[in-house]
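Data block below; observations after.
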Amino acid sequence: MDLGLTGKAAIVTGGSRGVGRAIAASLLREGARVMISARDPKRLQATRAVLEKETSGEVRAHAADLGSDADAKALIGATLKAFGRLEILVNNAATVMPADFAALTEERWMQVFEQKLNGYVRCCRHAIPPMKGRGWGRIVNLSGLAARETTGRTIPVGVNNIAVLSLTKSLAWALAPDHILVNAVVPYIIDTDIQDETMQRFAALTGRPEADIRRERVAELAVGRMGRPEEVADVVTFLASERSSYVTGAAWHVDGGASRGI
Ligand SMILES: NC(=O)c1ccc[n+]([C@@H]2O[C@H](COP(=O)([O-])OP(=O)(O)OC[C@H]3O[C@@H](n4cnc5c(N)ncnc54)[C@H](OP(=O)(O)O)[C@@H]3O)[C@@H](O)[C@H]2O)c1
């Protein structure tokens with residue numbers, strides 16, 4: 001299938017590792033030009049060099065903390081300067097969050113939203129005008145299964161991720177007249193740093209061995225194994241492409257069958 005991504009200009013936030021890096025690699029292999037972004041400039045530049053070598057694609061890097069509106073604006077500006085256009089935004093950057101609701105301070109609760117939801121909102125606000133200018137756009141927002149299935153372990157994560165789904169659906173309706181499609185991807189238990197940190201936090205919180213927690217999580221999955229970042233990237237790449245032209249406001253699960261609802 002020709003995805004029609006050749007020459008399209010894309011931003012992948014949180015593109016320095018994990019799911020974001022896999023998304024950037026996939027878009028580059030399909031011929032898109034990609035700007036990756038994250039806070040740590042050293043790791044970001046190292047990833048940029050690896051992606052360039054692996055894919056021979058046109059990849060740039062711009063360090064930004066998306067907890068800051070000025071940084072989000074500068075990221076969109078740097079992309080327009082580098083590529084002269086912007087058609088695809090993949091909102092993916094997020095940090096690991098504490099699980100114990102009772103121990104959450106006001107400041108930490110606000111930080112949770114600053115890092116993910118508000119970062120996504122900032123990037124959307126600055127990316128939408130150039131997409132409207134081209135009369136074509138794709139926004140893909142990484143949410144997470146805690147948005148839809150709760151255990152009480154992950155309250156800030158769930159509230160943050162359900163807000164990402166609401167943002168996705170609302171923007172899909174607002175932007176459809178401008179031929180900008182907005183969708184979400186809902187991952188669960190993907191083998192990345194954030195997943196490792198989450199398992200370690202649960203182990204510390206409950207005083208149980210990390211290996212036991214890992215086994216229990218895998219047992220929740222119909223496929224019986226953790227997901228790979230590339231498996232999320234494939235779905236995101238389709239949603240970012242020409243071929244997804246009748247899909248908007250949707251939330252596609254990439255969760256190994258963990259979600260049991262029909
Ligand atoms: N892995 C899973 O099982 C899983 C499950 C459900 C949902 N998700 C969602 O999938 C997405 C990707 O997760 P992942 O597992 O790939 O995470 P990851 O391995 O921890 O990578 C996170 C990326 O985001 C960047 N980042 C974090 N905070 C940032 C900020 N304030 N500004 C800019 N960049 C920032 C990080 O780089 P720096 O630290 O250098 O900034 C890194 O590049 C996230 O939205 C996550 O919530 C993942």
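Note that ligands are numbered from 1 as they come in the structure, with each ligand's atoms numbered from 1 the same way. Heads up: numbering here begins at 1 and tracks the sequence. Please read all numbers here as calculations on a predicted model, not as lab measurements.
The S16 neighbourhood of ligand 1 comprises atoms 37 (O), 42 (C), 43 (O), with distances under 4.0 Å to a heavy atom of that residue. For ligand 1, the atoms closer than 4.0 angstrom to any heavy atom of D65 are 30 (C), 31 (N), 32 (N). Within ligand 1, the atoms closer than 4.0 Å to a non-hydrogen atom of R43 are 38 (P), 39 (O), 40 (O), numbered from 1 in the order shown. Atoms of ligand 1 found under 4.0 Å from any heavy atom of A94 (numbered from 1 in listed order, with element): 22 (C), 24 (O), 27 (C), 28 (N), 44 (C), 45 (O), 47 (O). Each of the atoms 16 (O), 19 (O) of ligand 1 lies under 4.0 Å from some heavy atom of G18.
Within the 4.5 Å cutoff, the side chain of L75 has heavy atoms near those of the L66 side chain. Two residues are said to be in side-chain contact when any heavy atoms from C-beta on lie closer than 4.5 Å; E52 and L28 fail this criterion.
Looking at T192 next to ligand 1, an N or O pair under 3.5 Å apart turns up. Residue L66 has at least one N or O atom closer than 3.5 Å to an N or O atom of ligand 1.
A perpendicular orientation is assigned to the rings of F101 and W109, their planes being inclined by more than 60° (bins at 30° and 60°).
For atom 16 (O) of ligand 1, the nearest non-hydrogen atom from the set L145, T47, V19 belongs to V19. Comparing heavy-atom distances from atom 11 (C) of ligand 1 across V157, N92, V185 singles out N92 as nearest. Counting heavy atoms only, R17 comes closest to atom 21 (O) of ligand 1 of the residues R39, R17, Q195. In the candidate list P229, A93, G67, G14, A93 is nearest to atom 35 (C) of ligand 1, counting heavy atoms.
Look at R260 and E149 and you find no salt bridge, because none of the NZ, NE, NH1 or NH2 atoms lies under 4.0 Å from a carboxylate O.
Using a distance-only test at 3.5 Å, with no hydrogens or angles considered, no donor-acceptor pair links the side chain of T13 to the main chain of S37. Under a 3.5 Å cut-off, the side chain of R243 and the backbone N or O of D2 do form a donor-acceptor pair.
Judged by the shortest distance from any of its heavy atoms, T13 lies outside the 4.0 Å radius around the atoms of ligand 1.
One side chain, R138 or S244, offers a donor N or O that lies under 3.5 Å from an acceptor on the other.
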